[in-house]
Amino acid sequence: MLISKHPILSAIPFAIDTPNPYFVRLPRITLSEIVTFIKDDVNLPNSDWIEVLDKVLEEQHNCPFEVQPSKTLPFWRFCVLESSNCPDSFGLVFIFHHSLMDTRSALSFHDELEGYMAQYSGLETSDTVYSPSLALIPPLEGLYRLPVSQEFFQSQENYTEPSPDSWTGAAQFRPVKTRFSSLWLSGVDTEALIALSKKERTSVTAALQALIATCIFSVLPSRYHTLQGDCAVSLRKLLPEPVTASTLGCYVGSTSTTYHRKPSFNWDEARRTKVTIEDAMARKGGDMPVGYLAFIQNQHHWMLQKLGRKRRSAFELSNVGSSFASRGASNFQIQGMLFSQSSSACSAAIKISAVTGRDGRLVLGFTWQEGAVEADMIEGVKRALKGEIERLTLSA
């Protein structure tokens, strides 16, 4: 049902090593080729289950999507995690290439899938699904002109190395091996963080950004005094039909905030971050890196020249918010959720992906490139972040 409704699920990027890549539609999809079942004896959910899930996600991040001469598979797949000790629960991992869709799309995908599973009558269906004849929805640049000022254009065109007191991890390099680790907050701490953010006249996203910057500083040598943090933002509200909140596609931009080392977290930094995000959105997608992409004639050359240079940003936060409301009684119901992104050769040193499931738990997925950041540092940031959030919620 989902494949027949969303044409992007049957599309793969082609000629990606040329200046003019494009999408090709697959005539059919064989489900058994893209669905893998993984069985384990751990109980769901607990720390052992989280450890298994983290391992599976790290492995999946390091299995790239490729166009193969002998067999062409879609640029998405499923892993189903089952436990013999918990036959009524399972984990569903949806892995997809970012050229197909953004994370808001993934939330919508899960919500629709849950609805179709609730209607499932037990009938055996064909392993082969034929692609729909529906036209692909245009990409972001085909729907909306992202304004770019001359000043911003020049800032993107000319590389300026970050100052020596700004931490950005190791210089940009290949090959990329993604490392992954998750942090699950309790429902109580999540609820308290949401309430505190509202009370302090800021947003959860802005609070998380300021908290992450504080916690990265806490594990860095004292010679580092500044950090740049990027934040992914949805541009869907700017787009005309046929794009809606539930359309599968990639419609995101980003903003950046510079942080200076402070003795401890304070809400002023969270409020400042919120203003930065609001100001960026008020420009209606103007002066965002995604808008500059249209001016690059040879993206391969542009990306390759980044290698060996310092990164611009220490971290990137993508907070997709909460999953959709529960449908009520059903055989299948979404419970907890986890979101992650692959690391990149040319990107922020640490990527943090946030989502709040219907169980009320905010979950943060940390990804980094092996060799760009040490695993011990990530664990230190996670510990500091968990401790800082618990301290804030206790004081409230």
Side-chain angles (χ1 to χ4, degrees), residues 42 44-55 57-58 167 169 178-200 202-221 224 227 229-231 257 259 261-267 269-270 273 314-323 335-341 343 348-368 373-396:
V42 298
L44 285 67
N46 61 17
S47 57
D48 291 337
W49 158 254
I50 292 170
E51 191 175 316
V52 169
L53 182 58
D54 282 8
K55 182 182 177 183
L57 286 171
E58 184 170 291
W167 183 83
T178 294
R179 300 295 313 279
F180 176 76
S181 183
S182 63
L183 173 62
W184 297 64
L185 301 183
S186 69
V188 171
D189 285 344
T190 301
E191 187 178 4
L193 180 62
I194 294 170
L196 272 172
S197 299
K198 186 176 181 180
K199 178 186 174 185
E200 295 290 342
T202 188
S203 65
V204 172
T205 298
L208 281 173
Q209 263 198 265
L211 280 163
I212 290 164
T214 299
C215 294
I216 291 176
F217 275 126
S218 75
V219 300
L220 286 177
Y224 293 109
L227 293 175
D230 297 340
C231 180
T257 306
Y259 297 92
R261 185 186 283 271
K262 295 185 180 298
S264 61
F265 169 78
N266 69 68
W267 287 103
E269 285 292 89
T273 303
F315 71 92
E316 173 193 308
L317 173 67
S318 298
N319 181 17
V320 76
S322 301
S323 57
Q335 189 179 23
M337 296 197 83
L338 171 59
F339 156 39
S340 65
Q341 300 183 79
S343 60
I350 305 169
K351 292 187 180 181
I352 302 106
S353 308
V355 64
T356 303
R358 293 199 195 136
D359 57 359
R361 298 183 68 177
L362 173 63
V363 185
L364 303 167
F366 288 75
T367 46
W368 67 99
V373 182
E374 294 299 321
D376 287 349
M377 177 181 173
I378 300 294
E379 289 305 310
V381 172
K382 283 172 56 183
R383 281 194 302 272
L385 184 57
K386 186 173 185 292
E388 194 68 25
I389 291 173
E390 287 174 350
R391 182 188 67 78
L392 288 173
T393 57
L394 275 174
S395 66

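Sequence positions, counted from 1, serve as the residue numbers for this chain. Just so we're clear, the structure is a prediction, and the values are computed from it rather than from any experiment.
- Within the 4.5 Å cutoff, the side chain of I352 has no heavy atoms near those of the T367 side chain.
- Here the CG atom belonging to L183 is positioned 10.5 Å from the CG atom belonging to L338, to the nearest 0.5 angstrom.
- W368 places none of its side-chain heavy atoms less than 4.5 Å from the side chain of F180.
- Between S218 atom OG and F265 atom CZ the span is 13.5 Å, to the nearest 0.5 Å.
- When side chains are defined from C-beta on, S197 counts as touching L193, because their heavy atoms get closer than 4.5 Å.
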Audit row: N266, E269, side chain to side chain contact (heavy atoms under 4.5 Å, CB included) steps and yes/no: CA-CA 6 Å; N266 69 68; E269 285 292 89; 3.8 Å; yes

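- Summarising the geometry, atom CG belonging to L364 is positioned 12.0 Å from atom OG belonging to S340; distances are rounded to the nearest 0.5 Å.
- Taking the side-chain hydrogen bond (donor to acceptor under 3.5 Å, both in side chains) definition, one finds that T202 meets it with nothing, sequence neighbours left out.
- Shown here for V320 and F339, the closest heavy-atom pair between the two residues is CG1-CD2, 4.2 Å.
- Applying the side-chain hydrogen bond (donor to acceptor under 3.5 Å, both in side chains) criterion to W267, with sequence neighbours excluded, gives no partner residue.
- Expressed to the nearest 0.5 Å, how far CD1 of I212 lies from CD1 of I350 amounts to 9.0 Å.
- For E58, the salt bridge (charged side-chain N to carboxylate O under 4.0 Å, His left out) criterion is met by R179, not counting sequence neighbours.
- Scanning both residues, C215 and E388, for their nearest heavy atoms gives SG-CB, 4.4 Å.
- Contact annotation: the side chain of T214 never approaches that of L385 to less than 4.5 Å [non-hydrogen atoms, C-beta and beyond].
- Across every non-hydrogen atom of A354 and N319, the tightest pair is O-OD1, 3.4 Å.
- No donor-acceptor pair under 3.5 Å is formed between the side chain of R361 and the backbone N or O of G336.
- The local environment of CD in E191 is sparse, with at most 12 non-hydrogen atoms from other residues, nucleotides or ligands closer than 6.0 Å.
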Candidate pair L227 and L220, rule side chain to side chain contact (heavy atoms under 4.5 Å, CB included), full reasoning: CA-CA 11 Å; L227 293 175; L220 286 177; 4.1 Å; yes

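- A salt bridge is defined here as a Lys NZ or Arg NE, NH1 or NH2 lying under 4.0 Å from an Asp or Glu carboxylate O, and E51 with K55 fails to meet this definition.
- Here the side chains of F217 and V381 are not in contact, with every heavy-atom distance at 4.5 Å or above.
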Steps toward side chain to side chain contact (heavy atoms under 4.5 Å, CB included) verdict (T257, C231): CA-CA 8 Å; T257 306; C231 180; over 6 Å; no

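- Of the candidates D230, T273, V204, Q209 forms a side-chain contact (heavy atoms from CB on, under 4.5 Å) with just one, namely T273.
- W167 contributes atom CH2, which lies 15.0 Å from atom OH of Y259 (distance to the nearest 0.5 angstrom).
- A donor-acceptor contact shorter than 3.5 Å is absent between the side chain of S318 and the backbone of S353.
- Partners of S181 according to the side-chain hydrogen bond (donor to acceptor under 3.5 Å, both in side chains) rule, which considers only residues two or more places apart in sequence or in another chain, are E379, K382.
- Taken from CD in E374 to CE in M377, the straight-line distance is 10.0 Å, to the nearest 0.5 Å.
- Residues satisfying the salt bridge (charged side-chain N to carboxylate O under 4.0 Å, His left out) test with R383, not counting sequence neighbours, are none.
- Take T393 and apply the side-chain hydrogen bond (donor to acceptor under 3.5 Å, both in side chains) test, not counting sequence neighbours, and it matches D189.
- In this structure, the side chains of L196 and L392 come closer than 4.5 Å at one or more pairs of heavy atoms.
- No side-chain heavy atom of L185 sits under 4.5 Å from any side-chain heavy atom of V363.
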